[in-house]
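Labels below follow one simple rule: chain letters A, B, ... track the order of the sequence lines, proteins then strands, and each chain is numbered from 1.
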Number of protein chains: 2
Amino acid sequence: MSEAVDVILRKNQLSVTGSRKKILELFIGSRGDALAHADIEKKAGEKFDRVTIYRTLQTFVDKGIIHSIPTEDNSVRYALCKHNCTNGHHHDNHVHFVCNCCERTVCIDEVTVPDVKLPKEFAPMYAQMVVTGVCKNCL
Amino acid sequence: MSEAVDVILRKNQLSVTGSRKKILELFIGSRGDALAHADIEKKAGEKFDRVTIYRTLQTFVDKGIIHSIPTEDNSVRYALCKHNCTNGHHHDNHVHFVCNCCERTVCIDEVTVPDVKLPKEFAPMYAQMVVTGVCKNCL
DNA sequence: GTAACTGCAAAATATTTGCATCCTT
DNA sequence: AAGGATGCAAATATTTTGCAGTTAC
């Protein structure tokens with residue numbers, strides 16, 4: 001698995017470094033759960049500089065490895081892109097779910113964002129959907 | 001119109017003060033365009049303390065007068081609730097549009113968020129949709 | 001060896017809190 | 001008059017930038 005991480009990084013023309021491997025592993029290990037900057041700092045075990053985490057996250061977003069999730073409370077969270085988005089073009093069109101109770105944020109890969117028709121003064125490129133509710137763990 | 005503002009405030013059990021009237025007027029005047037904290041500071045004409053703006057916005061959100069808009073870049077923007085949401089319960093189910101070019105964020109009242117079916121481990125309460133694209137002004 | 005990445009310090013930005021004063025009711 | 005709202009100062013949190021040292025290729 002640690003090798004898979006190397007492959008992903010190289011596939012994206014990124015040099016393989018300790019922080020990138022570790023952070024990417026955290027995303028893979030979180031299985032669809034979105035991670036905030038603070039989660040990464042915590043789970044990485046106090047290893048990396050805050051700045052490195054910021055920069056790594058930005059690099060991953062630019063490369064299309066992870067995407068940020070729009071939430072109403074404007075907490076900044078990221079999750080893995082499933083369909084290898086390339087170079088800043090994200091095509092993840094799955095729905096996100098935010099649990100009102102435990103604040104967990106998950107990608108729901110099985111559900112795609114439905115199409116909507118907009119008034120013609122708006123030329124849509126892509127749509128995102130966030131469903132808020134309560135997850136099984138909190139019921 | 002300035003009277004309408006008074007009415008809205010009183011209807012929400014808020015005392016009618018200068019900053020609240022002015023900020024509410026800005027939202028009404030923006031006609032669906034979302035406003036960020038900085039927009040308000042600017043448009044209000046340097047009149048109010050930053051802190052007052054933060055507090056006023058929070059109060060309006062709590063009362064259901066405005067709602068925040070979830071965006072991918074996590075910019076914090078607010079827009080008027082149309083269907084008088086009450087006491088922290090927002091029912092705005094319209095789609096939001098974000099222009100990739102001018103960064104304008106608008107509520108599209110004509111279009112409602114479609115329903116989606118989620119796996120049963122998620123109990124949905126409400127859904128939000130943000131469409132990104134280019135608006136007429138930028139084409 | 002070179003270009004890219006990291007860590008540290010510090011700057012810039014954003015948000016929150018406490019408290020004294022002022023305004024609305 | 002009383003409670004709530006505001007402004008100011010300051011604390012806290014978040015993100016960005018510059019630069020020197022280190023690492024990947």
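Screening residues 23-55 of chain A for ring-ring contact (aromatic ring centres under 6.0 Å, His included), with sequence neighbours left out, gives A:H37-A:Y54. Applying the salt bridge (charged side-chain N to carboxylate O under 4.0 Å, His left out) rule to pairs touching residues 98-109 of chain B yields B:D33-B:R104, B:K82-B:D109, sequence neighbours excluded.
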Atom pairs, protein N/O to nucleotides 13-18 of chain C N/O, distance under 3.5 Å:
from, atom 1, to, atom 2, distance (Å)
C:dT15, OP2, B:Y54, OH, 2.7
C:dT15, O5', B:Y54, OH, 3.4

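In this entry the distance linking CZ of B:R20 with P of D:dG4 reads 11 Å, nearest Å. Rounded to whole Å, the distance from CG on B:N74 to P on D:dT16 is 11 Å. For the pair A:I23 CD1 and C:dC5 C1', the interatomic distance rounds to 12 Å; values are reported in whole Å. The nearest whole Å value for the distance from the CG atom in B:D73 to the C1' atom in D:dT14 is 15 Å. Between the CG atom of B:D6 and the P atom of C:dT25 there is a distance of 9 Å, given to the nearest Å. C:dT24 atom P lies 8 Å from atom NZ of B:K21, rounded to whole Å. Rounded to whole angstrom, the span from the NZ atom of B:K47 across to the P atom of C:dC23 amounts to 15 Å. Atom pair B:L9:CG and D:dA5:P shows a separation of 11 Å (rounding to whole Å applied).
Listed nucleotides C:dC5, D:dT6, C:dG7 differ in distance to B:S19; the shortest reach to its side chain belongs to D:dT6.
No more than 12 heavy atoms of other residues, nucleotides or ligands shown are found within 6.0 angstrom of CG on B:D115.
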Next item on the list: Indicate for each nucleotide in nucleotides 20-25 of chain D, in 5' to 3' sequence, whether protein heavy atoms under 4.0 Å reach the base (B), only the sugar-phosphate (S), or nothing (-).
Entry: ----SS
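Minimum heavy-atom separation, B:T56 to B:R20: CG2-CG, 4.0 Å. Nearest heavy-atom pair across A:I69 and B:N74 is O-OD1, 4.2 Å. Of all non-hydrogen atoms in B:P114 and A:P114, the two that sit nearest each other are CG-CG, 3.4 Å.
Below 30°, between 30° and 60°, or above 60°: for A:H67 and A:H96 the angle between ring planes is between 30° and 60°, a tilted geometry.
Taking CD of A:Q58 as the reference point, atom OH of A:Y78 lies at 6.5 Å (rounded to 0.5 Å). Going from atom CD1 of A:I23 over to atom OG1 of A:T17 covers 8.0 Å, rounded to the nearest 0.5 Å.
Looking only at atom types and distance, the side chain of A:T71 has a donor-acceptor partner in the side chain of A:S75 under 3.5 Å away.
A rotation axis mapping the C1' atoms of four pairs onto the next four is fitted at both ends of the helix from C:dG1-D:dC25 to C:dT25-D:dA1 over five pairs, and the angle between these axes is 40° to 10 degrees.
The hydrophobic cluster containing B:V111 also includes A:V95, A:F97, A:V106, A:I108, A:V111, A:V113, A:V116, A:L118, A:F122, A:M129, A:V131, B:V95, B:F97, B:V106, B:I108, B:V113, B:V116, B:L118, B:F122, B:M129, B:V131, under a criterion of side-chain heavy atoms closer than 4.5 Å among ILVMFWY residues, counted directly or through chains of members.
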